[in-house]
Amino acid sequence: MSRRSRCRGWSEALAGRASLLAIRLALAAVFFLACRDKLLHPRAFRSFVLRYEVPGFDLTTLGGLPTALATLLVPMLELVLGVLLVSGLALQGTLLLTALLYAGFLGLLIQAKLRGLDVASCGCFSVHEGQGPALLESVVVHIVLDSLLLALALWVYWHSFVAPRRREAGATPRSAAVAITPGRAASDA
Amino acid sequence: MLDLVLSMLASRRRAPLRRGVVEAVWILVLTAAVALAYNRARPVPLPLVTRGGGSSAAAVEAAPSPDGAASAGPIEPGPAEGSPAVRGPQEIAPEAAAAALQDGMTLLLDARDPEDYAAGHLPGAVNLPYNQFETQVVEVAARMFPEQRVICYCEGGDCELSHDLARELFAMGYTNTFVLAGGLQLWAEQGGEVVVP
């Protein structure tokens, strides 16, 4: 058995309903943990948004409207995605947004690291500098963590929506062949 | 990982993303509506637009000369939109702040966390930690009037808390709000009294 097919075998074995649900719950738990402080203290969270110095997200562009919208929308999106991941409602869109959100976070953290911005505390779980667990606030740790969460979201998406369709598509020609030759079934009988 | 992404893109025809994209758009729209409604329901909503765009940097650039003469007088409430006075809170030098505090009409706000406030603060200062603004501002605002002259400070010249706090108060309509230049450090260096409980 080739290494690739062995990996695929492991992946298929892990992709049972229980494991997919467990990963969804884990992703939801991370969202719930991350949104709490940001929802309670939007002003403190806004000061973290400003630290990433993304063009357009300052207090002068459109009177700070993009910054305010990001400050209000991101934690609420984390909460809503957490609820949807637990409930399983609109799962395809939820997983897409989850992956996009983590990809966005990852991009932000990497650009901050590359530009040497002063984001010793990333504001990912706590908006009170120095009060959250130091390890959980480290930018490098979050680059690794967000990569892992992004991979998990894509993996769940793949095994929930893409892989079943592929299997279905692979099975269709044979069943279709039987379905369109009723005479054969009758003669077999 | 790359293999997974490429496979997803390659099998797009068999697993159309359209449904997922439509769901994602709906989730975003509903989330935006809930987020704005939640903000509106707060005791002190986060302003969507900062009046006059008064950023910390702008306030520092607009700081008066170290003698503070330009900032000693009160700013009249309700100035015309677009005039220099509505661009954001200005800095005030320690000597000018000390003079302003003599009239008994000036509220001094310490924007630092309670532990820092407890370790030492300016005489008569009220603690309004910027990090707990949402939960504590209502209580502090109850003792303020619209024309109130307010001076915010934090640890030193580099800290942002006093600028952030002053900007929020300014956005709430307290346009006679100042930031103590150099913070507690410069105040102490210039011989100002610091209360250590």
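In what follows, every chain begins at residue 1, and chains take the letters A, B, ... in the order their sequences are listed. Quick caveat, the model's predicted, so the values are computed rather than measured.
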- Non-hydrogen atoms of chain A under 4.5 Å away: do they reach the side chain of B:Pro45, the backbone, both or neither? backbone
- Query: A:Leu79, A:Leu77, A:Leu91: which one forms the most heavy-atom pairs within less than 4.5 Å of chain B?
  - Reply: A:Leu77
- Note on the structure: Nearest heavy-atom approach of A:Ala44 to B:Asn131 is CB-OD1, 3.7 Å
- Query: CG of A:Leu84 to CG of B:Leu30: how many Å apart, nearest 0.5 Å?
  - Reply: 9.5 Å
- Query: So A:Leu40 and B:Thr135, side chain to side chain contact (heavy atoms under 4.5 Å, CB included) or not? Walk me through it.
  - Reply: CA-CA 9 Å; A:Leu40 289 176; B:Thr135 52; over 6 Å; no
- Message: Keeping B:Glu160 on the side-chain end and A:Ser47 on the backbone end, is there a donor-acceptor pair under 3.5 Å?
- Response: no
- Go through the atoms of A:Leu81 and report whether side chain, backbone, both or neither lie under 4.5 Å from a heavy atom of chain B. side chain
- Item | Nearest heavy atoms of B:Glu23 and A:Gln92, plus distance in Å | OE1-N, 3.4 Å
- Walk me through it: do A:Leu72 and B:Tyr38 pass the test side chain to side chain contact (heavy atoms under 4.5 Å, CB included)? CA-CA 9 Å; A:Leu72 296 173; B:Tyr38 176 67; over 6 Å; no
- Task: Spell out, yes or no, whether A:Leu96 and A:Leu89 are grouped together once hydrophobic residues are joined by side-chain heavy atoms under 4.5 Å, including indirect joins.
- Result: yes
- Search all heavy atoms of B:Pro47 against all heavy atoms of A:Ala68 and return the closest pair with its distance. O-CB, 3.9 Å
- Task: Can you tell which part of A:Leu100 gets under 4.5 Å to a heavy atom of chain B, answering side chain, backbone, both or neither?
- Result: neither
- Query: Are the side chains of A:Leu73 and B:Thr31 in touch, meaning some heavy atoms are under 4.5 Å apart?
  - Reply: yes
- Does A:Leu148 belong to the same Ile/Leu/Val/Met/Phe/Trp/Tyr cluster as A:Leu106, with side-chain heavy atoms less than 4.5 Å apart forming each link? yes
- Query: Are B:Leu165 and B:Leu186 connected in the hydrophobic side-chain network, where two residues link if heavy atoms are under 4.5 Å apart?
  - Reply: no
- Message: Any heavy-atom pair between the side chains of A:Arg46 and B:Leu46 that's under 4.5 Å?
- Response: yes
- More than 12 non-hydrogen atoms from neighbouring residues, nucleotides or ligands closer than 6.0 Å to CZ on B:Arg40, yes or no? no
- Query: Do B:Val150 and B:Val138 share a hydrophobic cluster, counting only Ile, Leu, Val, Met, Phe, Trp and Tyr and linking them when any side-chain heavy atoms are less than 4.5 Å apart?
  - Reply: yes
- Item | Interchain contact, B:Leu36 with chain A, by part (heavy-atom threshold 4.5 Å) | side chain
- Look up atom CG in B:Leu48 and atom CG in A:Leu62, then write down how far apart they are to the nearest 0.5 Å. 12.0 Å
- Which pair of heavy atoms, one from A:Met76 and one from B:Val34, lies closest together, and at what distance? SD-CG1, 3.8 Å
- Could you state whether B:Val137 and B:Tyr117 fall into the same hydrophobic cluster, counting links through intermediate Ile, Leu, Val, Met, Phe, Trp or Tyr residues with side-chain heavy atoms under 4.5 angstrom apart? no
- Note on the structure: Greatest number of non-hydrogen atom pairs under 4.5 angstrom with chain A, of B:Val22, B:Val25, B:Leu28, falls to B:Leu28
- Can you tell which part of A:Thr94 gets under 4.5 Å to a heavy atom of chain B, answering side chain, backbone, both or neither? both
- Minimum heavy-atom distance between A:His41 and B:Glu134, given as atom pair plus value: CA-OE1, 3.7 Å
